[in-house]
Student: 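Please find one structure pasted underneath; my questions will follow.
Keep in mind it's a predicted model, so treat the numbers as computed, not measured. Numbered from 1 within each chain, the chains take letters A, B, ... in sequence-line order.
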Number of protein chains: 2
Amino acid sequence: MIRIVIIDDHPLVAGGIEMMIKSESHLSIVAHLQNAKEALQFLEESCPEIILLDVNLPDIDGLQLCEIIRGNYPETKIIVLTSIEEASIITQFLQKGANGFLLKNISKEEFIQAIDSVLDNKTFLSKIANENMIRHFASVNNALKSVPVLTRREKEILALLNEGMNGPQIAEHLFLSTYTIETHRKNMLQKFSVSSTQALLKKARDLKLLLT
Amino acid sequence: MIRIVIIDDHPLVAGGIEMMIKSESHLSIVAHLQNAKEALQFLEESCPEIILLDVNLPDIDGLQLCEIIRGNYPETKIIVLTSIEEASIITQFLQKGANGFLLKNISKEEFIQAIDSVLDNKTFLSKIANENMIRHFASVNNALKSVPVLTRREKEILALLNEGMNGPQIAEHLFLSTYTIETHRKNMLQKFSVSSTQALLKKARDLKLLLT
DNA sequence: ACAGAACTACCTGAATTCAGGTAGCACCGA
DNA sequence: TCGGTGCTACCTGAATTCAGGTAGTTCTGT
């Protein structure tokens, strides 16, 4: 019996998965957790074979949770559930130890196949046959080649810029010199190889370094 | 018998809804359409009592489809399905004639209740009891009071700004004077009551006037 | 304990954006 | 046909951002 845990805050999705596997007697959903906290608590008690993990959780983001789970439970297979809009973060999840990547608009057959594959120690990726996905990859993958590593302060300032604040406002907000903000901003412009804050923010969004 | 049509490109969601209503003998899902084109074709043939409409469709956006359906089928009840992240566009959908608004993380009870309500000519909104939703509303609703009306040119320039282009680049791209771009930008800054392009873009995103 | 990274702050000149105008031309509906 | 709206273009001065530096202090990991 393959035990499956769903980590997703949308009961509809969980319902859909139940539908898909109800005719598969060797598969069983043992738990449905709505957020990362519940999920980690549950995993301390019981260790399933497969975890279906949503990218967007209400508390911490799926990427972090993926990393934590991979660290604590190296044997468990993690299949990431996502919408096509977020397909570009595949590589980041794979780096964090995800075993599979399923779009939420999959068929039952593909779903069962995904589970078989990861249990067989293969990495499963949703069919990227459809042109949307390919286009998405083509446009984002180049930019993805090297995701710049940002420091804590840089991330903080990036987020504030994204909130619509300008240099002086951020300086006041963080009790720092405007010069300092400028320095951080400049460093980020370099790291991202762009030449304007707007382009910086766009690229950061494309790379999923920003939520909004 | 209440006929329900689902317009959503995620079979998982459809599966979840099927789960929810399988014990309700008076409800029946007569079709599951994956995009707007299919949906409109189907509706020409058969007219259901209730349409469950996803906000994000692969072809045209849910808001437009909502308007079209409302125009062609004034009697059909439209319930919009959404994630919490997009909850801020409720008012826009209501303006386009939606009858209900359901978050995808609803319970079965709430779901049934929503259907009963809209059939009873009431507008149903998902419980906004949870604090996330309230916070979301508090922050966005003020800004939402008046969604600025943008002209075609303004939208075009807004989109290019969002792509990370700056004034001179846009001017070159559109074969216009930089002065002209500045004028349009300025007008938008006024319409949105902001004082920087970054704030403008943030606000536009908050108001769902931009996709990215 | 020491090196390297991160954080802070400063400077200058050039480019862009912001704020506040004015103004001509085309189009469309009343 | 006349008024309103949208699109275009221009001007000026102030503010902010960009590019390319230097440099001292604090954290952090080995």
Student: With the side chain of A:Leu189 defined as its heavy atoms from C-beta on, choose the nearest nucleotide among D:dT17, C:dC7, D:dC18.
Tutor: D:dC18
Student: Considering only C:dT8, D:dA9, D:dC7, which nucleotide approaches the side chain of B:Thr183 most closely?
Tutor: D:dA9
Student: A:Ile181 CD1 to D:dA15 P: how many Å, rounded?
Tutor: 20 Å
Student: Kindly say if A:Ser196 contacts the phosphate of D:dT17, meaning a side-chain N or O under 4.0 Å from OP1 or OP2.
Tutor: no
Student: If you only use heavy atoms from C-beta on, which nucleotide in C:dG20, C:dC7, D:dT17 is closest to the side chain of B:Lys186?
Tutor: C:dG20
Student: According to salt bridge (Lys or Arg N to Asp or Glu O under 4.0 Å), who are the partners of A:Glu18, at least two apart in sequence or on a separate chain?
Tutor: none
Student: Find the distance A:Asn166:CG to C:dT16:P and express it as a whole number of Å.
Tutor: 19 Å
Student: Check whether any side-chain nitrogen or oxygen of B:Thr178 sits under 4.0 Å from OP1 or OP2 of C:dT16, and answer yes or no.
Tutor: no
Student: Taking only side-chain nitrogens and oxygens of A:Arg185, does any of them come within less than 4.0 Å of OP1 or OP2 of D:dC18?
Tutor: yes
Student: Taking the side chain of B:Arg152 as its heavy atoms from C-beta onward, which of D:dC7, C:dC10, C:dC7 lies nearest to it?
Tutor: D:dC7
Student: Roughly how many Å is it from NZ in A:Lys191 to C1' in D:dA19, rounded to a whole number?
Tutor: 18 Å
Student: Closer than 4.0 Å, any side-chain N/O of A:Thr151 to the OP1 or OP2 of C:dA5?
Tutor: no
Student: Under 4.0 Å between a side-chain N/O of B:Tyr179 and OP1 or OP2 of D:dC11, yes or no?
Tutor: yes
Student: Round to a whole Å and report the spacing from CG of B:Leu160 to P of C:dT16.
Tutor: 17 Å
Student: Checking contacts here: which listed nucleotide (D:dC18, D:dG21, C:dT8) is nearest the side-chain heavy atoms of A:Thr180?
Tutor: C:dT8
Student: I want to check one thing: is the phosphate of C:dC10, taken as OP1 and OP2, less than 4.0 Å away from some side-chain N or O of A:Ser177?
Tutor: yes
Student: Could you tell me the separation between the CZ atom of B:Arg153 and the C1' atom of C:dC27, rounded to a whole number of Å?
Tutor: 15 Å
